[in-house]
Amino acid sequence: MFWKKKQIESKLVTQSITESELSIEALKKSLVQMDDAEFVEIDISDIRKIYLVYIRTLIDQEKLNESIIKPLTNCSKPSIQDCIVNSSIIHIPIFIEAKKQLFSGSILLFDSSQNLWLAVPLKNPLGRAIETSETETILFGAKDSFSEQVEQNITLIRRRLPIHELKAEKFTVGSMSETSVVLMYIEGLTNPDFVSTVKEKISEINFDLFFDSSQVAAFMEEHQHSIFPQFQQTDRPDVVAYSLGLGKITLLVDNTPFALVAPITFFHLFQSPEDYINRWVVASFLRIIRYVSFVLSITLIPFYVALTTHHYQMIPLQTLLVLVDSRSKLPFTPFWEAFIMLIFIEIIREASLRMPTKTGQTLGVIGGIVVGQAAVEAGFASNVLIVMVGISTIAAFLIPNYLMTKANSLMQLMLLVFSSLFGLMGIALGIIAILAHLNSLSSIKQPYFSPVSPFFRKDWIDLFIRGPLVKMLERPEHLKPLKLKRYKTRR
């Protein structure tokens, strides 16, 4: 008994392959010009041959030798399933299923004596270790984060929610990438309308390539042109577990370390995992600071432009003298001065994200101090504006959600244009437009501006402040959970 490896013939085969045809020749035709495709033939006896077909780069080579090849070379049993050390053997009836298993990291076995095709999962466990979250860092609390392996991410969630009601349903999106998407929810708690809505949206996805959870979210969002995210993206298992416990759904996308959580509201984007670790007074103070910083970051510079352009008579005389002295040598109007500085800040921010860590720090120093000081001395910006740009930029960093910080920049620019045209009235009109837009949004068909509109009084205990945990005995009403109470009823 021996085994030998046969390389695929390199000549191009043009014959068509039917979806029902399953044979060694059909697979060779399908895998032509794939250097990592392997066909191995094992002779067990003179009349019995076992064929192995696999993609070398997708499987675990060590497991292949230990659990497949070595047992088969010494196999004397009538069925090869009794010789293989693997409990996940699948019978393959048709060609299209064989290809699907092949490219998902399985090895195909063909027993010529029984005309039997089997698939054995041997996926290469290639992936990085569990690391600390870099996008949602906290001082206290869990440090682990998701990785690109969806099975590992499910494990991290199940360790926090070891209950049989936690369901995980798998779907496939992308006609070419065939990306796995896992829908997770707690049966008996999550509103079934959420689950059915998400399943319907997944079934309607018709696209070829998906490499990131953001792309999946883009096809499921109900307001494609809005600047506000309608799915919360997080790489923290504790955030996902807590959200599931409130009655939300979660989508895990294979090869993506970020989970999608829905339905969300505008106010969820200002909540941090540390809110539920700190004492409630401290957590409430920090949450209010975030809201204040958000308002400050989008209105401070437009307010400066409105005052200096349309309402300078409202500025106290001493302050006005400082402004006049600061702007006396500038060639730009307040609007263009602010607009150029904001664009410059966005350039520095984007450049620092795409540079190595040490280089990014250097860029921050050069952009923030050297260029900022040079702009003042060269007469391109006033000292007062530089201070305001610094305050608004730092304030924007207090928003925990990265996608929200991008929306923040666009809102700031919109209010800047309105303030230059209509002054303080323009800022008021801009804010009204933003609130009206927020009130029109939805996340998987649920109001985006809840619990403010529609109004849910009890949910305000975890809105602008975070109330004491011992008082938060009910889940948010706006999520419509099947179990509103968070405690067991005493008999």
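What you see is a predicted model, and the numbers here were worked out from it, not measured in a lab. Sequential numbering from 1 along the given sequence is applied to the chain's residues.
From Ile249, atom CD1 reaches atom CG of Asn191 across 12.0 Å, with rounding to the nearest 0.5 Å. Asn153 contributes atom CG, which lies 4.5 Å from atom OG of Ser147 (distance to the nearest 0.5 angstrom). Remark: Ile399 CD1 to Ser272 OG distance equals 13.0 Å, nearest 0.5 Å. Atoms CD1 and CD1, from Ile298 and Ile427 in turn, are 10.0 Å apart once rounded to the nearest 0.5 Å. Rounding to the nearest 0.5 angstrom, the gap separating the CZ atom in Phe231 from the OG atom in Ser443 is 5.5 Å. Here the CG-OG distance, from Leu435 to Ser440, works out to 11.0 Å after rounding to the nearest 0.5 Å.
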Query raised in the report: Would Glu148 and Thr256 satisfy side chain to side chain donor-acceptor pair (under 3.5 Å), going step by step from the backbone distance to the final call?
Result: CA-CA 5 Å; Glu148 285 75 10; Thr256 305; over 6 Å; no
Report task. In sequence, state the C-alpha distance, the side-chain angles, and the governing distance for Phe397 and Thr393, and then conclude on side chain to side chain contact (heavy atoms under 4.5 Å, CB included). Result -> CA-CA 7 Å; Phe397 280 113; Thr393 303; 3.8 Å; yes
Query - Audit row: Glu222, Ser442, side chain to side chain donor-acceptor pair (under 3.5 Å) steps and yes/no - result: CA-CA 7 Å; Glu222 291 146 7; Ser442 60; 2.4 Å; yes
Requested in this report: Give the intermediate values and the outcome of side chain to side chain contact (heavy atoms under 4.5 Å, CB included) for residues Ser409 and Glu346.
Outcome: CA-CA 8 Å; Ser409 300; Glu346 288 300 319; 2.9 Å; yes
Requested in this report: Verify ring-ring contact (aromatic ring centres under 6.0 Å, His included) between Phe294 and Phe270, making sure each step is shown before the conclusion.
Outcome: CA-CA 9 Å; Phe294 165 71; Phe270 293 88; 5.1 Å; yes
**Report entry** Chi angles and distances behind the ring-ring contact (aromatic ring centres under 6.0 Å, His included) call for Phe449, Phe267
**Finding:** CA-CA 8 Å; Phe449 214 46; Phe267 307 99; 5.2 Å; yes
Requested in this report: With side chain to side chain contact (heavy atoms under 4.5 Å, CB included) as the test, would you mind laying out the steps for Ile431 and Thr299 before giving the verdict?
Outcome: CA-CA 9 Å; Ile431 292 175; Thr299 59; 4.3 Å; yes
**Report entry** Verdict with supporting geometry, Gln446 and His478, side chain to side chain contact (heavy atoms under 4.5 Å, CB included)
**Finding:** CA-CA 8 Å; Gln446 301 306 307; His478 71 273; over 6 Å; no
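Under the 4.5 Å side-chain criterion, counting only non-hydrogen atoms from C-beta, Val389 is in contact with Leu385. In this structure, Ile434 and Met411 have side chains that are in contact, with non-hydrogen atoms separated by less than 4.5 Å. At least one side-chain heavy atom of Arg236 sits less than 4.5 Å from a side-chain heavy atom of Pro273. Residues Asp212 and Val253 have side chains not in contact (no heavy-atom distance under 4.5 Å, counting atoms from C-beta outward). Between Met34 and Leu31 there is a side-chain heavy-atom pair separated by less than 4.5 Å. Proximity of Ile288 to Ile465: side-chain heavy atoms (C-beta onward) are separated by under 4.5 Å at one or more points. Put simply, the side chain of Tyr402 does not reach to within 4.5 Å of the side chain of Met404, judged on heavy atoms. Two residues are said to be in side-chain contact when any heavy atoms from C-beta on lie closer than 4.5 Å; Lys248 and Leu479 meet this criterion.
Ring centers of Phe146 and Phe258: at least 6.0 Å apart, outside the cut-off. For Phe207 and Phe219, the ring centers are positioned less than 6.0 Å apart.
A salt bridge links Asp275 to Arg287: one of the charged nitrogens lies within less than 4.0 Å of a carboxylate oxygen. Between Lys471 and Asp462 there is no salt bridge, since no side-chain nitrogen of the basic residue lies less than 4.0 Å from a carboxylate oxygen of the acidic one. Looking at Glu151 and Arg158, no side-chain N of the basic residue comes within less than 4.0 Å of a carboxylate O on the acidic one, giving no salt bridge. Ion pair Lys199/Glu169 flagged as a salt bridge, since at least one NZ, NE, NH1 or NH2 atom sits closer than 4.0 Å to an Asp/Glu carboxylate oxygen. Look at Glu474 and Lys485 and you find no salt bridge, because none of the NZ, NE, NH1 or NH2 atoms lies under 4.0 Å from a carboxylate O.
Taking a 6.0 Å sphere around NZ of Lys143, one finds it holds more than 12 heavy atoms contributed by other residues, nucleotides or ligands. More than 12 heavy atoms of other residues, nucleotides or ligands sit less than 6.0 Å from atom NZ of Lys167. Annotation: Phe303, atom CZ; neighbour count of heavy atoms from other residues, nucleotides and ligands within 6.0 Å does not exceed 12. For CD of Glu62, the number of neighbouring non-hydrogen atoms (other residues, nucleotides, ligands) closer than 6.0 Å is 12 at most. Within 6.0 Å of the NZ atom in Lys201, the count of heavy atoms belonging to other residues, nucleotides or ligands exceeds 12. Around atom NZ of Lys123, no more than 12 heavy atoms belonging to other residues, nucleotides or ligands sit under 6.0 Å away. Annotation: Asn206, atom CG; neighbour count of heavy atoms from other residues, nucleotides and ligands within 6.0 Å does not exceed 12. Heavy-atom neighbours of Phe464 CZ from other residues, nucleotides or ligands within 6.0 Å: above the threshold of 12.
Gln215 places a side-chain N or O within 3.5 Å of a backbone atom of Phe211 that can act as its donor or acceptor partner. One N or O on the side chain of Gln412 and one on the backbone of Ser297 form a donor-acceptor pair closer than 3.5 Å. No donor-acceptor distance shorter than 3.5 angstrom exists from the side chain of Arg466 to the backbone of Ile461, with no hydrogens or angles considered. Listed for the Glu337 side chain is a donor-acceptor partner under 3.5 Å among the backbone atoms of Ser382. Looking only at distances, no side-chain donor or acceptor of Arg159 sits under 3.5 Å from a matching main-chain atom of Ile154. Judged by distance alone, with hydrogens and angles left aside, the side-chain atoms of Ser145 form a donor-acceptor pair with the main-chain N or O of Glu131 at under 3.5 Å. At least one donor-acceptor pair closer than 3.5 Å links the side chain of Ser293 to the backbone N or O of Ile289. At least one donor-acceptor pair under 3.5 Å links the side chain of Gln230 to the backbone N or O of His223. Arg279 places no side-chain N or O within donor-acceptor distance of the main-chain N or O of Pro468, the cut-off being under 3.5 Å. Put simply, the side chain of Ser177 gets close to the backbone of Phe210: a donor and an acceptor are under 3.5 Å apart.
Between Phe228 and Tyr448, the ring-plane angle classifies as tilted under the 30° and 60° cut-offs. Classified by interplanar angle (parallel below 30°, tilted 30° to 60°, perpendicular above 60°), the ring pair Tyr242/Tyr276 is tilted.
A pairwise comparison of heavy atoms in Leu463 and Tyr291 identifies O-OH, 3.6 Å as the closest pair.
Annotation: cation-pi geometry not satisfied between Arg349 and Phe344 (NZ/CZ under 6.0 angstrom from ring centroid, within 45° of ring axis).
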